[in-house]
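Just follow the structure's listing: the first ligand is 1, and inside any ligand the first atom is 1. Note that these values count all heavy atoms, side chains included, but never hydrogens, waters or copies made by symmetry.
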Amino acid sequence: MSSRPNIVFIMSDDHAAHALSAYGSRINETPNLDRIADGGMRLDAAFCTNSICAPSRASILTGTYNHVNGVTTLATPLDNSLWTFTHALGDAGWQTALFGKWHLGHGPDADPTGFDRWRVLPGQGHYHNPVFVDSERGVDEVGGYVTDLITDDCIDWLEQRDESKPFALFCHHKAPHRTWEPDAKHFTMYDDVEIPFPDTFRDDLVGRAEVVQAVKMRMLDLDPITDLKATVPEGLTLDEEIDWRYQRYIKDYLRVVASIDDNVGRMLDWLDENDLADDTIVVYTSDQGFFLGDHGWFDKRLMYEESLQMPLLIRYPQHIAPGSSLLDIVVNVDFAPTLLDLCGVDIPEHVQGRSFAPLLGGGEVADWPEAMYYRYWMHNDGDHAVPAHYGVRTLTHKLICYYNDPLDQPGARGPANPIEWELFDLLADPLEVDNIYGTPEAAEITEHLLAELARLQATYGDEPFAAV
Ligand code: CA
């Protein structure tokens, strides 16, 4: 194994694993993303510790949970004096660059640090003719489509790099974030087909927490003009309108994913043409998952599987067997120590994640965690109405506590609501439609999961909600 491999870290925004054919998608094909899986490992239980953009990005960079790095919500910028693993790579001699979405704040205290070069979208950025903020050129606008432009910037930087040093390139796509605006090349893709509906599309949510039943992420909550780019046809029944909304939504989502797939193909081709594929760790992930009509929803935030799971494909021919997969639980906090480990760079003590590099190589880690901790802080953001909650997911079960309180977090709002719980048996009920919390049969597992939750909160230094 090379002691100083290159890194190409490609992260999209809101790309759910069930919209990659490598993960068995029933709704699209991603042949170029699948090249990463075919040449490396598909991780089947990679989870974010807070399913929302900025907090997940902060956990990836810092290797810490959000109550430690301070990025609990979308309204909490990343303090750019904090250590990130890109700082460590730079200190160890890697050339580093970031292109695309940053979304962790702007200005002297929040602009990217730990990168030799960066060129990022302000805030969410635009799909067409986007403005960039550039570490060398300031505010800069070029015509074109955002996913193509970010890839162009990545390849330009690679071609101008110092070939005597290893590189770590961060390619952070805006797509497929809302409002899902395709490029001309994919504008009419799927026009003549019906996209399959998910199994839980008509989930009535009976038995789930009241606050979950009330979230505003239903097809009827999509804006016809900005999200669906059309007016609702007249004369539809309610069910017909919901179906029509899903088709409008999911087709644009998949069209912008198709552009990501094409551009990932360009990056992989460039590595092949420059004889760098063998020496380069290629990562494809997304900051979290997304509901693709599952449970009748769009968006993320909740601890349900479609939102919790991150796609994670890693190719590194010198260490990872082609076409392999992994069932062990890994979380976004583990990414930083893992990549440092693969590069032979020391992992500081304060990092809370653990390196799963041995697992990538087909090895075992005797005490590898069998449970993960999750916390969503942004109670009732004023738009999606998702309640604050935390929970534990094991290999077989998930316990969620909706503590339902904004706790004065920036961007979180009232009102506080009574505490509610959900418990799912993921083996018997993988679609999470049967909340068994409070049933006599679940008493023993509930006790076990409550102890796990308390243990994880103590381990990571998070405070349980006082009234729980
Ligand atoms: Ca996101």
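Counting just the N/O/S atoms of Asp14, the one with the shortest distance to the Ca ion (ligand 1) is named OD1.
At the Ca ion (ligand 1), the angle from OD1 in Asp13 to OD2 in Asp287 is 90° when rounded to 10°. Rounded to 10°, the angle formed at the Ca ion (ligand 1) by OE1 of Gln288 and SG of Cys53 is 100°.
Ring pair Phe356/Phe335 is perpendicular by interplanar angle, where above 60° counts as perpendicular and below 30° as parallel. Trp180 and Phe298 have perpendicular rings, their planes meeting at more than 60° on a 0 to 90° scale where under 30° would count as parallel.
Under the 3.5 Å distance criterion, with hydrogens and angles disregarded, no donor-acceptor pair is assigned to the side chains of Tyr460 and Thr49.
A salt bridge (Lys or Arg N to Asp or Glu O under 4.0 Å) with Lys398 holds for exactly one of Glu305, Glu422, Glu452; it is Glu305.
Not one N, O or S atom of Ser56 sits under 3.0 Å from the Ca ion (ligand 1).
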